[in-house]
Amino acid sequence: MKEPLLCVDNLTTRFTTSSGTVLAVDRVSFSISRGEVLGIVGESGSGKSQIFMSIAGLLPPNGQVSGEARFLGRNLIGADESELNRIRGRALAFVFQDPMTALHPFRTIASQLTEMLRLHRGLDHGAARAEALRLLDRVHIPDAKRRLDMYPHELSGGMRQRVMIAMSISCNPRLLIADEPTTALDVTVQLQVLDLLDELRRDEGIAIALITHDMGVVSRLSDRVIVIYAGNIVEEGTTEEVLLSPTHPYTQGLLASMPDLYRPLSALSPIPGYPPDGRQARKGCMFAPRCSRAQNVCRDVFPELTARTGRQRQACHFPISGSQGLAS
Ligand SMILES: Nc1ncnc2c1ncn2[C@@H]1O[C@H](COP(=O)(O)OP(=O)(O)O)[C@@H](O)[C@H]1O
Ligand code: SF4
Ligand SMILES: [Mg+2]
């Protein structure tokens with residue numbers, strides 16, 4: 001069998017802080033195949049972003065990571081900085097929530113895109129400008145020639161996100177890590193950006209790790225989903241399985257509580273309580289204090305991620321069956 005594009009095994013990330021050690025990612029294992037979109041969902045602070053910051057070697061100095069993350073056959077955990085630099089921005093590219101933090105405010109789109117193309121692809125000035133124009137066209141920026149010479153603040157949020165996507169695909173990535181790529185955008189613009197990502201996956205075979213707190217975003221683009229709670233994967237399956245028949249009480253709670261592209265705010269029913277503090281000692285199921293199905297065993301024994309039927313896996317001693325998700 002062919003090796004997946006990204007294969008993560010037992011990834012664990014800790015941060016040392018003055019008030020104790022934060023366990024942000026706890027023994028996480030998953031894979032992403034070529035051209036596949038994997039949705040990574042969970043509440044804010046659950047560890048979604050740190051999984052990918054760890055994989056890409058982008059942790060701050062107080063972060064320590066263990067485990068393996070094989071990308072294109074090479075383990076990135078512990079790889080030296082020069083190797084990571086060769087991979088980041090090329091085979092492995094990021095799209096973040098707020099393009100304004102990634103784009104330089106006082107430089108035109110052309111100068112930022114061409115610099116990248118000259119640096120990473122060795123194009124001369126003329127060729128880089130032509131390629132920059134092609135990339136803006138590729139991400140469907142209307143009137144691209146005129147927009148090339150604009151500054152980021154002269155573009156709408158949606159257009160800026162398209163520029164960000166143009167930059168991230170400029171070196172033909174194999175995996176795009178899209179971290180809340182549409183969270184800052186209006187709903188109609190969100191849909192357009194998701195359609196663009198879908199097109200890139202379809203036409204260019206780019207795999208996407210789609211990090212989001214929004215189940216509507218996941219349902220539109222992902223093939224498979226992993227659900228993260230307190231740094232653990234608590235459920236994994238195809239998008240259809242996880243969204244239509246969630247088996248973990250947390251997934252079901254998320255579906256009932258998250259505002260998304262389809263659910264009116266009035267229909268929300270929040271999960272009671274709060275996620276645990278990452279510094280807390282771990283025993284049993286981390287969701288137990290918030291779970292209506294919790295029993296004594298849940299508080300004592302850590303529920304391993306297992307498949308009871310089919311391929312859908314859940315980390316729960318008393319999984320739900322036949323429940324309703326997004327279809328409700
Ligand atoms: N530099 C840091 N120092 C200490 N804790 C951190 C640091 N960065 C992230 N964390 C903690 O790691 C956990 C996971 O964060 P993150 O992956 O950013 O969550 P999200 O699911 O919202 O993307 C959070 O509890 C966060 O407070
Ligand atoms: S293991 Fe127990 S506490 Fe945890 S989610 Fe399942 S039923 Fe709830
Ligand atoms: Mg995040």
Carefully, step by step, assess D179 and K48 under the rule salt bridge (charged side-chain N to carboxylate O under 4.0 Å, His left out).
CA-CA 9 Å; D179 193 345; K48 305 181 298 295; over 6 Å; no
With salt bridge (charged side-chain N to carboxylate O under 4.0 Å, His left out) as the criterion, how do R134 and E131 come out once you've worked through the C-alpha distance, each side chain's angles and the decisive distance to 0.1 Å?
CA-CA 5 Å; R134 187 193 71 80; E131 178 63 359; 2.9 Å; yes
Might you work through the side-chain contact (heavy atoms from CB on, under 4.5 Å) test for V163 and R160, ending with a clear yes or no?
CA-CA 5 Å; V163 169; R160 281 200 292 266; 5.5 Å; no
Verdict with supporting geometry, M159 and I109, side-chain contact (heavy atoms from CB on, under 4.5 Å):
CA-CA 11 Å; M159 287 299 148; I109 304 304; over 6 Å; no
Could you go through the salt bridge (charged side-chain N to carboxylate O under 4.0 Å, His left out) check for D300 and K283 one step at a time?
CA-CA 6 Å; D300 291 334; K283 191 177 177 215; 3.2 Å; yes
Please test D149 against R129 for salt bridge (charged side-chain N to carboxylate O under 4.0 Å, His left out), starting from the C-alpha separation and ending with a verdict.
CA-CA 11 Å; D149 293 310; R129 194 172 162 92; 3.0 Å; yes
Would Q314 and I320 count as a side-chain contact (heavy atoms from CB on, under 4.5 Å) here? Give the steps.
CA-CA 10 Å; Q314 60 290 118; I320 302 159; over 6 Å; no
Show your working on side-chain contact (heavy atoms from CB on, under 4.5 Å) between T247 and R308 and close with a plain yes or no.
CA-CA 10 Å; T247 58; R308 284 173 176 78; over 6 Å; no
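Q192 and H140 form no side-chain donor-acceptor contact under 3.5 Å, judged by distance and modelled atom types alone. Between the side chains of D214 and T212, no donor N or O sits under 3.5 Å from an acceptor N or O. When only modelled atom types and interatomic distance are considered, T13 and Q50 share no side-chain donor-acceptor pair under 3.5 Å.
Looking only at side-chain heavy atoms (C-beta outward), L6 and L76 stay at 4.5 Å or farther from each other. The closest side-chain heavy-atom distance from P152 to Q112 is below 4.5 Å. Contact annotation: the side chain of L5 approaches that of L72 to within less than 4.5 Å [non-hydrogen atoms, C-beta and beyond]. The shortest distance between side-chain heavy atoms of R121 and C171 falls below 4.5 Å. Within the 4.5 Å cutoff, the side chain of H317 has no heavy atoms near those of the Q295 side chain. Contact of the F30 side chain with the I40 side chain is not registered, since no non-hydrogen atoms from C-beta on lie closer than 4.5 Å. A heavy-atom distance below 4.5 Å is not found between the side chains of I55 and F71.
With hydrogens and angles disregarded, a donor-acceptor distance shorter than 3.5 Å links the side chain of R224 to the backbone of S31. At distances below 3.5 Å, at least one donor-acceptor pair connects side-chain atoms of N75 with backbone N or O atoms of I77.
Between H248 and Y250, the ring planes lie perpendicular to each other; the angle is over 60°, past the 30° to 60° tilted range. Aromatic ring pairs are classed by plane angle as parallel below 30°, tilted from 30° to 60° and perpendicular above 60°; the pair Y229 and F287 is perpendicular. Ring orientation note: the planes of F96 and F94 are close to parallel, at an angle under 30° on the 30°/60° scale.
In the hydrophobic clustering of ILVMFWY residues, with side-chain heavy atoms under 4.5 Å counting as a link, I228 and I271 come out apart.
Residue L176 forms a side chain to side chain contact (heavy atoms under 4.5 Å, CB included) with just one option from I208, L210, V37, and that option is I208.
In this structure, R27 satisfies the cation-pi test against F302, with its NZ or CZ atom closer than 6.0 Å to the six-membered ring centre and inside 45 degrees of the ring normal.
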